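First the proteins, then the strands, lettered A, B, ... as listed; each starts at 1. Remember, it's a predicted structure, so these values are computed and weren't measured experimentally.
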Amino acid sequence: MSPKIQPRVPRGMRDILPQKMLQRQYVIGQVEKVFQRFGFEPLQTPVLELREMLMGKYGEDAEKLIYDAKHREGKEDLSLRYDLTVPLTRVVAMYPELVKPFKRYQIAPVWRAERPQKGRYREFYQCDADIVGSKSMLADAEIVTMIYTVLEALGFKSFVTKINNRKILTGIGQYAGAPNEMLGGLYRSIDKLEKIGVDGVREEMAKAQIPTKVIDRIMELVALPPNAFGELRELMGNVPAAMDGLDELEQLATFLGDSGVPRANYQFDFSMVRGLAYYTGPIYETVVTEPKIGSLTGGGRYDELIGLFMNQSIPTTGTSFGIERIIDVMDELAMYPASIGKTVTQVFVTVFNRDLIGVSMRVANALRAAGINAELALDADGLGKQLKYAAAKAIPFALIIGPDENAAQQATLRDLASGEQTLIAQSELANAWKRGT
RNA sequence: GUGGCCAUAGCUCAAUGGCAGAGCGUCUGACUGUGGAUCAGAAGGCUGCGGGUUCGACACCCGUUGGCCACCCCA
């Protein structure tokens with residue numbers, strides 16, 4: 001025999017075992033239900049894209065994290081998808097016949113070669129919902145409303161969706177007189193406001209050789225309290241880009257006021273920055289305040305991205321839920337409903353002895369035909385062993401059909417949590433379930 | 001990509017440079033129509049991997065891989 005190979009998975013990737021999968025399926029199911037309730041349709045795309053589809057979309061830093069996946073003898077340069085947004089824009093450009101506004105959702109894995117940490121993996125699922133073909137701020141309001149509805153459905157209480165506008169950030173740069181090449185670093189510093197405070201941001205900017213005068217002007221704007229539309233408008237009255245952005249956000253604010261989303265769950269925050277290069281309008285990011293695990297959702301408007309694939313550009317907005325982080329938070333806060341069990345099996349049908357295999361099998365199949373998840377013992381081991389197995393798998397009930405029960409056409413139903421047992425006619429088992437076991 | 005901490009039985013962790021251990025879990029039996037409790041017993045290890053120092057390394061040194069944490073960035 002050849003020497004054994006250490007079984008391992010690639011760095012930052014993991015197996016998800018059945019009990020965890022049940023939780024995941026619950027979370028994904030909830031998200032999907034809300035997506036559909038808002039009129040989004042499912043889409044699937046290949047995990048591999050032609051490399052050139054992905055290049056030049058995310059910005060230089062992000063591009064370094066893209067995995068290449070070319071076959072040894074392949075003629076095409078392929079990469080694992082980095083997100084679901086660029087594949088969407090590719091689809092929209094390829095199928096002009098799609099009815100607009102095109103609303104699609106996609107729940108699928110993406111790959112980023114980052115250094116793994118808690119809540120950060122190299123292979124992770126994103127749940128995206130986007131609206132293609134609407135310039136209206138109502139589309140953005142729908143996205144923000146949906147973010148709230150999804151998180152609320154999952155049981156989150158203390159979360160805030162922060163809203164800003166790329167145009168305002170651009171305006172801030174212009175207003176402060178910051179040279180273009182400094183803008184990227186500038187935004188990154190601004191984004192840390194909440195984390196390192198006003199002084200921390202100033203310090204970082206000073207270190208980056210940004211003139212004090214520029215810093216002063218920026219901080220004057222960025223340090224404004226949330227939702228301070230009036231002050232911002234006054235200060236930046238002569239910066240057209242900022243005015244456009246403010247107009248958009250004020251419209252969005254009006255729509256959100258009528259949306260039913262509680263005021264505590266969204267906030268206009270002029271210091272929130274999103275890194276991806278393609279955003280052009282409103283941007284969103286949701287953070288939970290309880291355990292600090294980074295952002296749970298991120299998104300925004302990217303009106304020009306589709307234009308990279310076709311002559312005509314199509315205004316688009318949407319968001320992405322980071323389901324891995326959502327799950328990590330839900331684990332930490334034990335947010336799963338009791339109905340999410342540790343197994344899908346509802347009843348374990350024991351096999352008393354070889355002679356009674358056929359009886360147990362018929363009973364199991366009858367239950368299955370009635371829509372009940374029934375597992376059949378595969379060995380006529382001692383009853384003790386079979387019950388132990390069922391208990392270890394956390395199956396709620398066991399059925400015992402020995403010679404006595406079978407002679408009377410009955411079965412013993414054992415509640416494995418309480419130990420309580422009841423005799424039920426074999427023909428009545430499925431009905432007993434429907435009445436609520 | 002930069003820096004720090006860590007890696008011993010399935011899990012949680014011990015072991016002055018001197019015989020690799022405990023608790024929990026697993027398996028078997030006491031219990032041939034019933035899991036959890038109790039008791040008795042058993043299995044389980046190239047101490048992540050590769051070098052080095054040493055009479056002797058789980059321990060010290062170097063490298064490497066992986067995990068975690070902080071940056072960077074991000075879902």
Side-chain angles (χ1 to χ4, degrees), chain A residues 3-14 17 27 31 58-65 82-85 107-128 147 151 184-185 187-189 191-192 195-196 200 204 272-277 284-288 292-300 319-329 348 350-353 356 377 380-407 411-421 423:
Chain A
K4 300 234 164 49
I5 298 164
Q6 246 329 292
R8 312 193 300 124
V9 292
R11 183 169 201 198
M13 306 193 186
R14 60 251 154 87
L17 300 180
V27 173
V31 173
Y58 303 107
E60 213 179 306
D61 289 345
E63 228 159 68
K64 287 185 203 147
L65 304 177
Y82 177 86
D83 69 1
L84 302 175
T85 304
I107 299 173
V110 303
W111 291 266
R112 298 182 186 179
E114 289 189 277
R115 188 116 157 202
Q117 260 182 58
K118 196 185 196 70
R120 172 189 292 188
Y121 309 95
R122 289 185 158 190
E123 175 184 61
F124 63 98
Y125 270 67
Q126 285 195 327
C127 307
D128 278 31
I147 291 171
L151 293 177
Y187 294 148
R188 274 196 290 277
S189 299
D191 197 29
K192 289 184 205 158
K195 201 168 177 183
I196 62 180
E204 209 178 289
M272 190 271 286
V273 177
R274 305 236 74 231
L276 292 181
Y284 344 102
E285 184 168 291
T286 309
V287 293
V288 246
K292 282 207 149 165
I293 195 160
S295 49
L296 256 39
T297 82
T319 194
S320 176
F321 291 78
I323 200 166
E324 315 296 350
R325 285 187 183 171
I326 289 175
I327 286 170
D328 282 348
V329 174
F348 184 78
T350 61
V351 168
F352 193 85
N353 60 32
L356 289 168
D381 291 322
L383 260 191
K385 200 167 174 186
Q386 296 185 44
L387 291 174
K388 198 169 178 175
Y389 167 84
K393 278 193 72 174
I395 298 171
F397 294 95
L399 269 179
I400 299 158
I401 310 158
D404 297 346
E405 286 95 341
N406 196 45
T412 296
L413 179 68
R414 181 179 178 85
D415 181 329
L416 287 169
S418 66
E420 201 177 309
Q421 300 198 153
L423 269 175

In whole Å, measure the gap between the [atom1] atoms of [N] and [M] for me.
| N | M | atom1 | result |
| --- | --- | --- | --- |
| B/C11 | B/C69 | C1' | 23 Å |
| B/G21 | B/A15 | C1' | 7 Å |
| B/A9 | B/C68 | C1' | 22 Å |
| B/G17 | B/C71 | C1' | 37 Å |
| B/G23 | B/U16 | C1' | 24 Å |
| B/U2 | B/A59 | P | 27 Å |
| B/G67 | B/C49 | C1' | 15 Å |
| B/G35 | B/U26 | P | 14 Å |

With a non-hydrogen cut-off below 4.0 angstrom, is [X] in contact with a base, only sugar-phosphate, or nothing?
| X | result |
| --- | --- |
| A/D83 | nothing |
| A/Q386 | nothing |
| A/K385 | sugar-phosphate |
| A/K195 | sugar-phosphate |
| A/G419 | base |
| A/A417 | base |
| A/T350 | nothing |
| A/R120 | base |
| A/Y125 | nothing |
| A/G12 | sugar-phosphate |
| A/R274 | sugar-phosphate |
| A/E285 | nothing |
| A/E114 | base |

Item to check | Spacing of CG belonging to A/L276 relative to OG1 belonging to A/T85, to within rounding of 0.5 Å | outcome: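 With rounding to 0.5 Å, CG (A/L276) is 7.5 Å from OG1 (A/T85).
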
Checklist entry - Going from CZ on A/R325 to OG1 on A/T286, what distance comes out if it is rounded to the nearest 0.5 angstrom? => result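 Reported to 0.5 Å precision, the distance equals 12.0 Å.
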
Item to check | Centroid under 5.5 Å and tilt under 30°, A/F352 to B/G33 | outcome: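 No, the aromatic ring of A/F352 does not stack with the base.
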
Are side-chain heavy atoms of [X] and [Y] found at a separation under 4.5 Å?
| X | Y | answer |
| --- | --- | --- |
| A/L296 | A/F321 | no |
| A/R112 | A/F124 | yes |
| A/I401 | A/T412 | no |

Next on the checklist: Any salt bridge linking A/R122 with A/E114? Criterion: basic side-chain nitrogen under 4.0 Å from a carboxylate oxygen.
Outcome noted: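 Salt bridge absent between A/R122 and A/E114.
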
Next on the checklist: If you compare all heavy atoms of A/L413 against all heavy atoms of A/F397, which two are closest, and at what distance to 0.1 Å?
Outcome noted: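 Taking every non-hydrogen atom into account, CD1-CB, 3.9 Å.
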
Item to check | Contact summary for A/V329 and A/V288, nearest pair of heavy atoms | outcome: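 In this case the closest contact between A/V329 and A/V288 is CG2-CG2, 4.3 Å.
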
Checklist entry - Considering residues at least two apart in sequence or located in another chain, which fulfil the side-chain contact (heavy atoms from CB on, under 4.5 Å) criterion with A/P396? => result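 Partners of A/P396 by the side-chain contact (heavy atoms from CB on, under 4.5 Å) criterion come out as none, since no residue qualifies.
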
Item to check | Residue A/S295, side-chain atoms from C-beta onward, closest of B/G67, B/A75, B/U65 | outcome: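 Among B/G67, B/A75, B/U65, the one nearest the side chain of A/S295 is B/A75.
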
Checklist entry - Hey, is the side chain of A/R414 pairing donor to acceptor with the base of B/G36 inside 3.5 Å? => result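 Donor-acceptor pair under 3.5 Å: yes.
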
Next on the checklist: Using the ring-ring contact (aromatic ring centres under 6.0 Å, His included) criterion, which residues pair with A/Y82? Sequence neighbours excluded.
Outcome noted: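 Per chain and number, A/Y82 pairs via ring-ring contact (aromatic ring centres under 6.0 Å, His included) with A/Y58.
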
With the criterion being N/O to N/O and under 3.5 Å, what pairs connect the protein with nucleotides 8-12 of chain B, and how long is each?
none

Checklist entry - How long is the line joining CZ of A/F397 and P of B/G35, in whole Å? => result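 A/F397 atom CZ is separated from B/G35 atom P by 19 Å.
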
Checklist entry - A/L399 CG to B/U34 C1': how many Å, rounded? => result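 The answer, rounded to whole Å, is 13 Å.
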
Side chains of residues 383-393 of chain A: which donor-acceptor pairs under 3.5 Å do they make with residues two or more places apart or in other chains?
unit_1	atom_1	unit_2	atom_2	d
A/Q386	OE1	A/V351	N	2.8
A/Q386	NE2	A/V351	O	2.7
A/Q386	NE2	A/D381	O	2.8
A/Y389	OH	A/E375	OE2	2.5
A/K393	NZ	A/E375	OE1	3.1

Next on the checklist: Please determine whether a side-chain nitrogen or oxygen atom of A/K388 lies at a distance below 4.0 Å from atom OP1 or OP2 of B/C27.
Outcome noted: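 A/K388 to B/C27 OP1/OP2: side-chain N or O found under 4.0 Å.
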
Checklist entry - Do any side-chain nitrogens or oxygens of A/R11 fall under 4.0 Å of OP1 or OP2 in B/G67? => result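 Yes, because at least one side-chain N or O of A/R11 sits under 4.0 Å from OP1 or OP2 of B/G67.
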
Next on the checklist: Main chain of A/G298, side chain of A/T319: is a donor-acceptor contact present, judged purely on distance under 3.5 Å?
Outcome noted: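 Between the backbone of A/G298 and the side chain of A/T319 there is a qualifying donor-acceptor contact (under 3.5 Å).
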
Checklist entry - Does any N or O in the side chain of A/T350 come within less than 3.5 Å of the main-chain N or O of A/L399, such that one atom is a donor and the other an acceptor? => result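 Flag set: sc A/T350 to bb A/L399 pair under 3.5 Å.
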
Return the polar atom pairs (N/O with N/O) between nucleotides 2-6 of chain B and the protein under 3.5 Å, or none.
unit_1	atom_1	unit_2	atom_2	d
B/U2	O4	A/R115	NH1	3.2
B/G3	O6	A/R115	NH2	3.0

Checklist entry - For RNA chain B, whose closest nucleotide is more 5', that of A/T297 or that of A/A391? => result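 Result: A/A391.
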
Next on the checklist: On RNA chain B, does the nearest nucleotide to A/E420 precede the nearest nucleotide to A/V273 from the 5' side, or the other way round? Give the residue.
Outcome noted: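 So the residue in question is A/E420.
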
Checklist entry - Is the charged tip of A/R14 near the ring of A/Y121: under 6.0 Å from the six-membered ring centre and within 45° of its axis? => result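 So A/R14 does make the cation-pi contact.
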
Item to check | Pair assignment for RNA chain B - dot-bracket with | for other-strand partners, Watson-Crick or G-U under 3.5 Å | outcome: (((((((..((((....[..)))).(((((.......))))).....(((((..]....))))))))))))....

